[in-house]
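The structure under discussion appears below in the form of structure tokens.
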Amino acid sequence: MYAPQNNVIPYTKDKVDDIKVESQQKSAHAPWKNIDYQAVYNDIAALLDKDAEDYDDGSFGPIILRLAWHASGTYDKKDHSGGSNGATMRFSPESNHGANRGLEVARHKLELIKQKYPDLSYADLWTLAGVVAVQELGGPQITWRPGRSDATVNKCTPDGRLPDASQKQDHVRDVFYRMGFNDQEIVALVGAHALGRCHRERSGYDGPWTFSPISFTNDYFNQLLNQNWVIKKWDGPQQFVDKDTGSIMMLPADMSLKEDPEFRKYVELYAKDEERFFADFAKAFKKLIELGVDFPNDSPSLTFKPL
Ligand code: HEM
């Protein structure tokens with residue numbers, strides 16, 4: 001179990017009641033106070049595998065997690081632009097940036113939740129949904145805070161802020177250092193590739209990273225280190241497949257994590273210590289979804305019980 005940090009208020013019934021009492025006055029200036037977040041969590045959790053029998057590996061969790069990451073990973077610490085606050089991927093041009101191809105599937109699913117909880121901002125919804133995806137697919141508990149607000153189209157970030165999978169460690173560092181992450185945090189975050197898969201029609205790449213793409217584990221690191229990776233023979237962009245089965249894959253950017261000695265230290269650590277990976281991922285992911293967010297002073301830190 002991942003014990004909440006000391007300053008974290010567990011999402012107990014009392015806390016829910018507190019929020020309800022405050023919301024009896026229906027806070028027009030702070031609509032985020034009017035919401036029962038464990039109820040939202042539960043509704044998102046129920047959505048992950050609803051009508052998903054014919055979708056990918058049977059869960060919308062991975063693409064919903066990717067939405068939370070791409071909404072947040074546009075942050076630039078120099079001018080505080082981008083980040084999850086604003087949810088500007090609702091608008092073109094950001095929704096049409098190449099890196100965001102396919103994410104309309106996740107945005108569309110979550111629209112059902114937005115309709116049920118109109119006071120919930122899209123920025124809070126998408127980040128909370130990322131937390132739900134990680135937890136419900138077996139990952140660590142992640143502390144989350146409400147209070148983000150939605151911006152208008154003029155806050156869309158320029159194209160090119162998210163990582164380019166065909167590039168290696170220098171580029172990966174440029175992108176994540178721009179957000180304010182260090183090498184250990186970068187490796188922990190990319191461990192999310194335990195989940196989900198690449199889609200030809202979206203990124204051009206093809207296939208999952210692990211044999212269990214709807215279970216959050218440290219298996220991405222084990223596969224990265226222990227498989228014999230060979231260049232896939234095809235007409236698509238350069239990617240690697242495991243020599244034995246040809247059914248799992250790595251991107252050039254993934255391979256750079258094991259080729260770069262500083263990154264590799266953490267790949268090895270997380271491959272042998274899943275508990276450490278879970279703890280470090282939970283911290284780094286919380287940081288990711290809070291980049292650039294100026295939370296209201298009274299925004300509580302919440303943890304959620306899995307369904
Ligand atoms: C070097 C950094 C990264 C690169 C180059 C990268 C690249 C990619 C690419 C090319 C895809 C396939 C998209 C598709 O074809 O559908 C993908 C999927 C995915 N990425 Fe990353 N990514 C990076 C970091 C991250 C991080 C930090 C997270 C989360 C914390 C993440 C979570 C995911 C997930 C869950 C999927 C699967 C989506 C699905 O199944 O539809 N990625 N990534």
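Counting begins at 1 with the first residue of the sequence. Counting starts at 1 for both ligands and their atoms, following the listed order. All values below come from the heavy atoms of this structure, side chains included, with hydrogens, waters and symmetry mates left out.
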N-O pairing of K33 and D298 below 4.0 Å: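 Salt bridge between K33 and D298, a charged N being under 4.0 Å from a carboxylate O: yes.
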Under-4.0 Å salt bridge between K272 and E268: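 Salt bridge between K272 and E268, a charged N being under 4.0 Å from a carboxylate O: no.
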Flag the pair [X] / [Y] as yes when at least one side-chain heavy-atom distance between them is below 4.5 Å, and no otherwise.
X	Y	value
F91	K155	no
Q223	F211	yes
D124	W144	yes

Taking distance alone, with no angle check, do [X] and ligand 1 share an N/O pair under 3.5 Å?
X	result
D164	no
Y55	no
R197	yes

Interfacing atoms of ligand 1 (cut-off 4.0 Å, heavy-atom, [X]):
X	answer
S203	10 (C), 12 (C), 13 (C), 14 (C), 15 (O)
G196	37 (C), 40 (O)
A165	5 (C), 10 (C)
L251	7 (C), 8 (C), 9 (C), 10 (C)

Counting non-hydrogen protein atoms only, what is the nearest one to [atom]? Give residue, atom name and distance.
atom	value
atom 3 (C) of ligand 1	P163 CG, 3.6 Å
atom 12 (C) of ligand 1	C198 SG, 3.5 Å
atom 24 (C) of ligand 1	W69 CZ2, 3.5 Å
atom 29 (C) of ligand 1	A192 CB, 3.4 Å
atom 35 (C) of ligand 1	P62 O, 3.3 Å

F60, portion touching ligand 1 at heavy-atom distance under 4.0 Å: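 Within the 4.0 Å criterion, F60 makes no contact with ligand 1.
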Per-residue contact class, H193 against ligand 1 - non-hydrogen pairs under 4.0 Å: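 For H193, the contact with ligand 1 is made by the side chain alone.
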Flag, side chain of D242 to backbone of I248, donor-acceptor distance under 3.5 Å: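 It does hold such a pair.
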Sidechain-backbone polar pair: W229 side chain, L224 backbone, donor-acceptor under 3.5 Å: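 Yes: the side chain of W229 pairs with the backbone of L224.
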Side-chain H-bond candidate by donor/acceptor type, E185 with Y266, under 3.5 Å: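 No - no donor-acceptor pair under 3.5 Å links their side chains.
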Distance-only polar pair, side chains of E290 and Y75, donor-acceptor under 3.5 Å: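 On atom types as modelled, these side chains do not qualify, holding no pair under 3.5 Å.
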Options R66, H171, H199, Q239, ranked by nearest heavy atom to atom 41 (O) of ligand 1, top entry: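 The option holding the nearest heavy atom is H199.
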Nearest candidate to atom 27 (C) of ligand 1, where distance is taken over non-hydrogen atoms, out of D56, D254, L189: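 Among D56, D254, L189, the closest heavy atom to atom 27 (C) of ligand 1 comes from L189.
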R200 and D235: CA distance, side-chain angles, deciding distance, salt bridge (Lys or Arg N to Asp or Glu O under 4.0 Å) verdict: CA-CA 11 Å; R200 238 10 273 250; D235 59 355; 3.5 Å; yes
Test: R173 cationic atom under 6.0 Å from F263 six-membered ring centre, within 45° of axis: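 That pair qualifies as a cation-pi contact.
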contact_flag F181 ligand 1 heavy-atom lt 4.0 Å: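 Contact absent.
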